[in-house]
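Each remark here refers to the structure printed beneath this line.
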Amino acid sequence: MARSEVTVDLGALRRNVRTLLRELDGAELWAVVKADGYGHGALDCAGAALGAGATALCVATVGEALELRRELLDARILVMGPATNREIAAARDAALELVVADEIPEGVRVHVKLDTGMGRWGVSELPAAEREIVGLMTHLATADGDLVFESEQVRRFAEATAPYAHLTRHAANSAAALRLPEARFDAARCGIAVYGLSPWGEPVPELEPVLAWTSELALSRLLRAGESTGYGRRFVADRDTWIGIVPVGYADGFRRDLTGTEVRVAGELRTVVGVVSMDAFAVELDRELPPGTPVTFHVQREGRLMYISFTLD
C-alpha cells in the first residue's frame, strides 16, 4: 500500500445523522461542516448529511458558505462567524443566513447570538424583533465538561428567548444534544458527533467514526537492552524490546508531540515511542510482526481523542 491512506465513509456519516436525529426527539439537526467538514470534505459530507435528514448546514465563514452554495443550490446554510460589509452583500445574493451580534443587516435572514457565558461574540440583551430575524442562538462553553455551568447557560437562554418562541431557537452542540435534553430547543448544531467522534473523549457506542487513517509496518526490529531508536535517543530499551517502524511522520500530519500516544497495530493498542520523525515513527511491540502488518491511527492522550492535521487530496 501507499505510505498511508485516508478513507471517509459517508455511509457512517449518514448513520450518525440518523442516530442524532433519534436522540434529538423532534428537534432539527443542523450539520456543522466548517473547516472543510472537520477535514472530512465539506461538500461530500454536507450532501450526505442533508440526504440523511439534516435540515441545515453550519459553517464559520461566508467564503465556506459560498463554496457550498455553488453545488447545493437549495440548502439552508448558516454562517456562524462575523462577516464584513462586502461579505454581507455576497451572503444576501447567495441567500445565506448570518449570525449577528450587533447591527441587523437588511435583506438577509439573521440569527441573533445571545452571550450566556461563552464570553466572545454575542449581545447581552436581545433587540426588538425585526423582519430579518429568523432565529436566536447561544454558544455553550462547557457542554463537554461542566454540566452545572452549561445548564445555567441553557436556563438564561430559555428565559431570555421565551417571548420569541415563534423564532427558531438553537443552543445545543454535539455534547449537549447527546446529554442535555433541555438544550435542544428547535435545532441542534452538531459537528464532531456527525463525524462519529465523542465530544468528551469517552466512546459513544452509537456513533461510527467516519474517517480512517491507516498505514502498515515497514519493518520490525529487536532492540537489545541499552539500544535506542530515533533522534536524540529519546527511547532507550531497558530490556530486549521489539519495535515496529511505521512510514508516516510529521510531514504527513502525525505531529511530533504524539509520542506516548497509542495506535492500533494488527488491531492491538501499541504505544508510540521515541521522537516522531518527518517520515517515520516507532511503536513498541510485544513480538516480531511482519512488514505489511496494518496500523490504524486512533490517537489518544489521557483518555481523550487528539486531533491530527492532514490534507485530503
Side-chain angles (χ1 to χ4, degrees), residues 8 10 13-14 17 20-21 27-115 118 120-123 126-139 161 164 166-174 185-192 194-195 210 311-313:
V8 174
L10 295 178
L13 188 146
R14 295 184 189 97
V17 167
L20 290 166
L21 282 169
E28 294 182 9
L29 171 65
W30 294 2
V32 182
V33 293
K34 62 183 179 179
D36 195 29
Y38 288 53
H40 294 69
L43 181 59
D44 288 341
C45 290
L50 292 171
T55 49
L57 305 170
C58 300
V59 295
T61 68
V62 171
E64 290 179 326
L66 293 176
E67 288 186 15
L68 293 175
R69 176 59 80 218
R70 283 192 280 270
E71 300 294 333
L72 302 172
L73 302 181
D74 299 320
R76 187 178 186 183
I77 305 175
L78 174 64
V79 178
M80 298 187 292
T84 64
N85 288 336
R86 179 176 295 181
E87 288 174 329
I88 290 172
R92 182 182 298 115
D93 293 341
L96 305 177
E97 300 181 21
L98 299 177
V99 170
V100 300
D102 42 40
E103 291 186 35
I104 309 297
E106 294 184 2
V108 184
R109 288 159 59 93
V110 300
H111 300 242
V112 176
K113 185 171 189 176
L114 180 67
D115 181 15
M118 188 67 170
R120 300 193 310 200
W121 293 285
V123 297
L126 293 175
E130 297 186 31
R131 184 176 57 188
E132 286 83 3
I133 299 176
V134 297
L136 303 172
M137 66 172 290
T138 195
H139 195 162
T161 61
Y164 308 100
H166 60 288
L167 299 176
T168 300
R169 297 185 294 170
H170 47 108
N173 54 12
S174 292
F185 293 96
D186 301 306
R189 308 181 305 270
C190 293
I192 192 170
V194 168
Y195 306 100
V210 172
T311 303
L312 288 174
D313 293 330

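At distances below 3.5 Å, at least one donor-acceptor pair connects side-chain atoms of Arg69 with backbone N or O atoms of Ala94. Put simply, the side chain of Thr84 gets close to the backbone of Glu87: a donor and an acceptor are under 3.5 Å apart. Side chain of Arg14 to backbone of Gly53: no donor-acceptor contact under 3.5 angstrom is found. The backbone N or O of Arg92 lies less than 3.5 Å from no partner atom in the side chain of Arg109, so there is not a single donor-acceptor pair.
You'll find the side chain of Val108 reaches within 4.5 Å of the side chain of Ile88, heavy atoms only. Proximity of Val134 to Val110: side-chain heavy atoms (C-beta onward) are nowhere separated by under 4.5 Å. Side-chain atoms of Arg189 and Met137, non-hydrogen and from C-beta on, do get closer than 4.5 Å to each other. Contact of the Leu10 side chain with the Cys45 side chain is registered, since non-hydrogen atoms from C-beta on lie closer than 4.5 Å. Side-chain contact check for Val112 versus Ile104: some heavy-atom pair is nearer than 4.5 Å. Glu67 is not listed as a side-chain neighbour of Leu43, based on a closest heavy-atom distance of 4.5 Å or more. Looking at heavy atoms from C-beta onward, Val32 lies in side-chain contact with Tyr38 at the 4.5 angstrom threshold. Residues Val79 and Glu97 have side chains not in contact (no heavy-atom distance under 4.5 Å, counting atoms from C-beta outward).
Contact detail for Ser174 and Gly191: the closest heavy-atom pair is OG-N, 3.2 Å. Shortest non-hydrogen contact noted between Pro82 and Trp121 is CG-CZ2, 3.8 Å. Counting all heavy atoms, side chain and backbone alike, Leu13 lies closest to Ala49 at CD2-N, 3.7 Å. Nearest heavy-atom pair, Val123 versus Leu114, reported as atom, atom and distance to 0.1 Å: O-CD1, 3.2 Å. Scanning both residues, Thr55 and Arg76, for their nearest heavy atoms gives O-CB, 3.8 Å. Closest non-hydrogen pair, Ala56 versus Leu50, comes out as N-CD2, 4.2 Å.
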- Between Thr168 and Trp30, is a side-chain contact (heavy atoms from CB on, under 4.5 Å) present by the stated rule, with each step listed? CA-CA 12 Å; Thr168 300; Trp30 294 2; 3.8 Å; yes
- Message: Pair Leu78, His111 - check side-chain contact (heavy atoms from CB on, under 4.5 Å), show working.
- Response: CA-CA 9 Å; Leu78 174 64; His111 300 242; 3.5 Å; yes
- How far apart are the C-alpha atoms of Leu72 and Asp74, what are their side-chain angles, what is the distance that settles it, and do they pass the side-chain contact (heavy atoms from CB on, under 4.5 Å) test? CA-CA 6 Å; Leu72 302 172; Asp74 299 320; over 6 Å; no
- Query: Given Thr161 and Leu126, is the side-chain contact (heavy atoms from CB on, under 4.5 Å) satisfied, shown in steps?
  - Reply: CA-CA 8 Å; Thr161 61; Leu126 293 175; 3.9 Å; yes
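Put simply, CG on Leu66 and CG on Leu96 are 5.5 Å apart, with the number rounded to the nearest 0.5 Å. Taken to the nearest 0.5 Å, the OG1 atom of Thr138 stands 7.0 Å off from the NZ atom of Lys113. Note that CG of Leu21 is 5.0 Å distant from CG of Leu29, once rounded to the nearest 0.5 Å.
Salt bridge Lys34/Glu64: absent, no basic N to carboxylate O contact under 4.0 Å.
Remark: aromatic rings of Phe185 and His170 are distant, center separation not under 6.0 Å.
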